[in-house]
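So the structure is just underneath, and the comments pick up after that.
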Amino acid sequence: MQSLLTWCGVAALVPLLWAMTLSKGESLLPVGAAHAAFTVAMAVPLAWARQRPALVLAIQLAEIVAVTALGQPAQWIWPLFPASDVLVFLITATRSRRTGLTAAGATLIVQQTSRQVDLLHLGLRSWAPGFLALSVLLALGVLVAWMAAMVIRQRREYDLALRAHAEARAVTDERLRIARELHDMVAHNIGVIAIQAGAGARVIDSRPEQARETLTTIEATSRQTLKGLRHLLGVLRDTEHGHPGAPPAPAPPATLSDVDRLVETAATAGLHVDLRRRGRPHPLPDAVDRSAFRIVQESVTNVLRHADTGHCQVVLDYRSEELRIDVIDDGPGDATPSSAPIAREGSGHGITGMRERVDLLNGDFGAGPRPDGGFRVTARLPLTTAEAPAQAGWTEAP
């Protein structure tokens, strides 16, 4: 399509050059085939304007210089002037800034020189108002072409910068997501391993069978942690080497369907989790499902590591437009600055990571000590990316 438009421009320029060279009964060559060949030869280089605009502009300016040097009237070749302006536009828009500025300057000099020499041949004063206005008009043609190309060029560079920024932002967001996944997984599993190891060390002499079960749990948890680490490190390695594709056999993301397994793991570490579901459980948007599990996992991990208690309650409240999560423990109420509730609220990245997850879903998050002792984590996650089924069959937890 663009090639067709280019040839249409050439076809439109040929009759203009023919008519101008025949003005007032004069012509560079006798009327006939030679004259037609002459006009076509001046116009046809424009057919390659898109591929080699700088070379075509040089040919056009050389034609103007040649006609001027032969002492022929400048008005015979005036169609080449706007054609040169178009070439200045193409060069400035597609080549370097320096090349565009050079093309504009050379075009301006050749056009103005040709016009002034023509006036001298005719014995006219170049500073006469009419001729001076024509010189200004020629200069404005070159300036407008250059400025229009600069606007388009700057717009294109701005779009490229926006695209690069968006790609960099996407990479940063992905790394933050991986960092949150890594923290949630490692913090929970290492916490379970540490508690199991301590419990096994205490009963290894008195109850060797229980110690053996503890070691089995530690082995299984360690293998699960290593598998997850290999997967996440594989994703990071592929990203760094410019291969964003997923690694082979990726581990499926954990969701609320894994909460029961989380409860069992916590029980082996000595923490009884009272899991309660309100409302009718229904499919959740993927982002909500994954974030909800990570919030529960991080909260249970904090109870294991900091709360100094053997019991906590997790409530999953399924509603038609949102999911509410409450994780409550009954740890010591007289917390000192070095004790569990305050430590959980201000140390590490657990609370920060949970809050970021909820903020990304436009939800509400709260975490802090309870007035009557213990610690509470609450989260409200709107179901904005999927249609939730109608709410029915409420079962209130006591």
Side-chain angles (χ1 to χ4, degrees), residues 5-24 26-29 35-95 99-153:
L5 291 176
T6 302
W7 281 105
C8 288
V10 174
L13 187 62
V14 169
L16 288 176
L17 289 171
W18 177 290
M20 295 310 299
T21 52
L22 291 176
S23 62
K24 297 182 181 179
E26 298 176 332
S27 63
L28 294 177
L29 295 173
H35 188 189
F38 171 75
T39 56
V40 170
M42 284 197 297
V44 78
L46 285 175
W48 290 272
R50 289 181 57 252
Q51 291 83 3
R52 292 182 173 85
L55 177 61
V56 175
L57 177 62
I59 295 174
Q60 294 278 290
L61 296 181
E63 291 173 352
I64 296 174
V65 171
V67 170
T68 303
L70 292 174
Q72 302 301 324
Q75 62 264 26
W76 284 7
I77 54 170
W78 74 260
L80 296 181
F81 285 28
S84 301
D85 296 342
V86 172
L87 290 168
V88 169
F89 174 85
L90 289 175
I91 293 172
T92 305
T94 59
R95 300 297 188 268
T99 303
L101 190 60
T102 301
T107 301
L108 182 63
I109 291 173
V110 170
Q111 289 183 359
Q112 293 293 338
T113 302
S114 174
R115 184 60 184 165
Q116 296 303 320
V117 170
D118 183 58
L119 292 177
L120 288 176
H121 286 166
L122 297 175
L124 301 174
R125 295 178 300 174
S126 61
W127 58 87
F131 299 136
L132 186 61
L134 182 58
S135 297
V136 173
L137 185 61
L138 290 174
L140 285 177
V142 177
L143 181 62
V144 168
W146 181 80
M147 291 183 64
M150 287 299 298
V151 170
I152 293 177
R153 180 190 187 90

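Please read these numbers as outputs of a predicted model, since none were measured by experiment. FYI, side chains are in, hydrogens and waters are out, and symmetry mates aren't considered; it's all heavy atoms of this structure.
Of all non-hydrogen atoms in Ala104 and Val142, the two that sit nearest each other are O-CG1, 3.5 Å. Across every non-hydrogen atom of Pro53 and Leu87, the tightest pair is O-CD2, 4.1 Å. The heavy-atom pair separating Leu61 from Ser84 by the smallest distance is CD2-OG, 4.2 Å. Across all their heavy atoms, Ser135 and Gln112 have their closest contact at O-NE2, 2.8 Å. Here the closest heavy-atom approach between residue Asp85 and residue Ala145 is recorded as O-CB, 3.3 Å. Here the closest non-hydrogen pair linking Ala93 and Ala149 is N-CB, 3.7 Å.
Leu108 contributes atom CG, which lies 7.0 Å from atom CD of Gln111 (distance to the nearest 0.5 angstrom). Note that CE of Met147 is 10.5 Å distant from CG of Leu140, once rounded to the nearest 0.5 Å. To the nearest 0.5 angstrom, Thr99 atom OG1 is 8.0 Å from Ile91 atom CD1. Distance check: Phe81 CZ to Ile64 CD1 gives 4.5 Å after rounding to the nearest 0.5 Å.
At a threshold of 4.5 Å between non-hydrogen side-chain atoms, the residues Phe89 and Val144 do not count as touching. You'll find the side chain of Thr68 stays beyond 4.5 Å of the side chain of Thr113, heavy atoms only.
Put simply, the side chain of Arg153 gets close to the backbone of Thr92: a donor and an acceptor are under 3.5 Å apart. For Ser114 (side chain) and Val110 (main-chain N/O), no donor-acceptor pair under 3.5 Å exists by modelled atom type.
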